[in-house]
There are 2 protein chains.
Amino acid sequence: MPSEKLANRERRRHQGEHRVTLEDVARHAGVAPITVSRALNTPEKVSTKLRDRVDQAVKTLGYVPNLIAGGLASAGTRVIPVVVPSLSILTFIEVIHGIQQTLENAGYQVLLGSTDYDLNREAALVDSVLGYSPSGVIMTGLHHRDTTIDRLRAWGRPVVELMELGTSYIDMNVGVETSEAGACMASHLVERGYRRIAFLGTGMDRDYRARYRYHAHREVLERAGLDGSLLFQNDEPASYEAGRRVFLEALEAQPDIDAIHFANDNLAAGAIMEANRQGIRVPDEVAIGGYLGLSLAEHLTPRLTTVVLPRFEMGVRAAEMLLDRLAGRERHAQRVDLGYRLAVREST
Amino acid sequence: MPSEKLANRERRRHQGEHRVTLEDVARHAGVAPITVSRALNTPEKVSTKLRDRVDQAVKTLGYVPNLIAGGLASAGTRVIPVVVPSLSILTFIEVIHGIQQTLENAGYQVLLGSTDYDLNREAALVDSVLGYSPSGVIMTGLHHRDTTIDRLRAWGRPVVELMELGTSYIDMNVGVETSEAGACMASHLVERGYRRIAFLGTGMDRDYRARYRYHAHREVLERAGLDGSLLFQNDEPASYEAGRRVFLEALEAQPDIDAIHFANDNLAAGAIMEANRQGIRVPDEVAIGGYLGLSLAEHLTPRLTTVVLPRFEMGVRAAEMLLDRLAGRERHAQRVDLGYRLAVREST
DNA sequence: CTGTTAGCGCATTCAG
DNA sequence: CTGAATGCGCTAACAG
């Protein structure tokens, strides 16, 4: 007795207005609800005739699918949580941009989460977003709480870990060899003939990737018989201003420094701009190298030598790998090294 | 007959592993499922004793709520779609950052959508994200297709439109008086004594806010008896490189220009850096003004005069207004002017 | 304060 | 190719 059912419905409905549902469309088109569902999701399984009728009804009623209901019934939504440590850092912005563009074109939505470099927040965030039955998850880095790793593994859907490469990852891993990249810049500076080479960073307690680079840097220097312990840092977030400050602090503390390996381009750029202001000649008095590949680096005078990370591509690639798995095109866990590139310019 | 029900369940389940459900927790704690639901969502409505038992069960079973199911039952998820024109523009990044931080602290998640400045994509995106039964929506700007506006209005939940202020908005409006901001910089240049003042932009076909600023700029100039038609543009996305290029093009076409009003700081910064490289003296040969308030502006030499937009605060405020409405703290539509600030520095 | 009942709107069986 | 029946996991309503 459909009419009775309908009457009940009107009474029960939680939220005022009657949103158009699949059932309304079905009734209007004179077909079963499931046919509407199929016409929308797998049109090739429905005859042209019925499909047209359904499309017509959808249009005239202004039907918009309830993705939540669909998600519950099919135990999955076309949502991909992307978990990053911070949104104030340009590195991750570019990565997110690549992910977002790729996923949106494939009909998925990005759910943004940031952890502020706190693994406990990350754990809570993961628990929470898994509650949306997402199709997959994209995480930053390989450092997570064991419980987070276990949960993600047990979950069984595609997970990409992004940024640095490692041997132990949950499911898929895209990124670059972070330590090597640090060693690469250090070697460059050594080869250029600099002898008092310092590493300058900010927020290195939280940013373990920067720490990895420093360790690699130190090793390179010591292997060359140089002092690898010249390290200056503070715990501000990375910014031009922070770069300016550590730069001045370092020069004051160790005036004989002849080259600086900065933890990232933001800091290095701040230093170059300050050097220009103070008339400190780069690279004659002090050489400056960075890490990231910000476009700003090419516009400074002198142009900044830096290790260029393919940030946008990283995002794109991560999203593509996820999509491939979701489409069943790719079965096994994989690891993709996107490589970095040393851009040698006038600052060193 | 619970055991029979359970047996059915195991057979039917779509996706392999048995995820822990509310029911499992309820059984473990010896209470009704609704009690678990309440203990989790409205703990104050449950006795301490039962609440503890539930919390215990949740912990030992590792229960993670299915937000999709909850969303379906309660016709709403703690998700806020944020629709921006582009992720490659720093303006919106800062805004998103503010939104994200505020919402995440209040237990909401940001669903990111970008339209690429296409109102049809925007319409499709809005339709799609409304399917997730979000708690509210944050949109960029006041320009939308009529159908988008109608749908959002009919939807009946909080909607914030962000960036520019206007008289006709859907529900709530946070931003700054864009045209005034453009007039402000133009007035500043006029007052400084410049006479051949050009406006330089990129992508202005899509970026109507930049067009508004240009119109205001033109009006100010003409009212001062100056030529307001000096406009140079191309359709690249905003970048240092694009700024460098329009800058050189404009100087070549009109060598007598004595001041430039750039559509944004990215362009202006590109121009200043190019000027430094070429030995063009700023502001003596040509003055340069920007719009946005990028931190970079303060580190250039000369420091860039610009109109500072409170981008982060805009995001925070939009999110707060949404949260206030969701909490029933605020009832009526509102409009908040966050104001801009002219930062006069050495480039003009 | 706690429980019972009855769906939310859709997609997955399984039949025809 | 189409449909009927059923339940995804949770919460709103209403009793007790």
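Numbered from 1 within each chain, the chains take letters A, B, ... in sequence-line order.
For the pair B:N66 and D:dC8, the criterion of a side-chain N or O lying under 4.0 Å from OP1 or OP2 is not met. OP1 or OP2 of D:dC10 sits under 4.0 Å from a side-chain N or O of B:Y63.
Between the CG atom of B:D24 and the C1' atom of D:dC8 there is a distance of 14 Å, rounded to whole Å. Taking atom CD on B:E23 and atom P on D:dG7, their separation rounds to 12 Å, with Å as the unit. Rounded to whole Å, the distance from CG on B:N41 to P on D:dG9 is 17 Å. For the pair A:L67 CG and C:dC10 P, the interatomic distance rounds to 10 Å; values are reported in whole Å. Rounded to a whole Å, the CZ atom of B:R78 is 12 Å from the P atom of D:dT11. The separation between A:L72 atom CG and C:dA11 atom C1' is 10 Å, rounded to whole Å. With rounding to whole Å, B:I68 atom CD1 is found 18 Å from C:dC8 atom P. With rounding to whole Å, B:Y132 atom OH is found 17 Å from C:dC8 atom C1'.
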Could you go over nucleotides 1-5 of chain D and give all protein N or O partners under 3.5 Å, atom names and distances?
unit_1, atom_1, unit_2, atom_2, d
D:dT2, OP1, A:S47, OG, 2.5
D:dT2, OP2, A:S47, N, 2.7
D:dG3, OP2, A:A32, N, 3.4
D:dG3, OP2, A:T35, OG1, 2.4
D:dG3, N7, A:R38, NH2, 2.5
D:dG3, O6, A:R38, NH1, 3.4

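Identified under the salt bridge (Lys or Arg N to Asp or Glu O under 4.0 Å) test for residues 100-117 of chain A, with sequence neighbours left out: A:E104-B:R121. Within the structure, the ring-ring contact (aromatic ring centres under 6.0 Å, His included) test picks out no pair touching residues 106-142 of chain A (sequence neighbours left out).
By the side chain to side chain donor-acceptor pair (under 3.5 Å) test, B:R151 is found to be paired with B:D127, residues two or more places apart in sequence or in another chain being considered. Listed by chain and residue number, A:N173, A:E177, A:R335, A:D337 satisfy the side-chain contact (heavy atoms from CB on, under 4.5 Å) test with A:L165 (two or more places apart in sequence, or in another chain). Take B:T48 and apply the side-chain contact (heavy atoms from CB on, under 4.5 Å) test, not counting sequence neighbours, and it matches B:R51, B:D52.
Between B:D171 and B:R157 there is no salt bridge, since no side-chain N of the basic residue sits under 4.0 Å from a carboxylate O of the acidic one.
Among C:dT12, D:dG9, D:dT11, the nucleotide with an atom closest to any side-chain atom of B:S74 is D:dT11.
Counting only N and O atoms by type, the side chains of A:R19 and A:N66 include no donor and acceptor under 3.5 Å apart.
When each of A:S37 and B:A69 is assigned the nucleotide of DNA chain C bearing its nearest heavy atom, the one mapping closer to the 5' terminus is B:A69.
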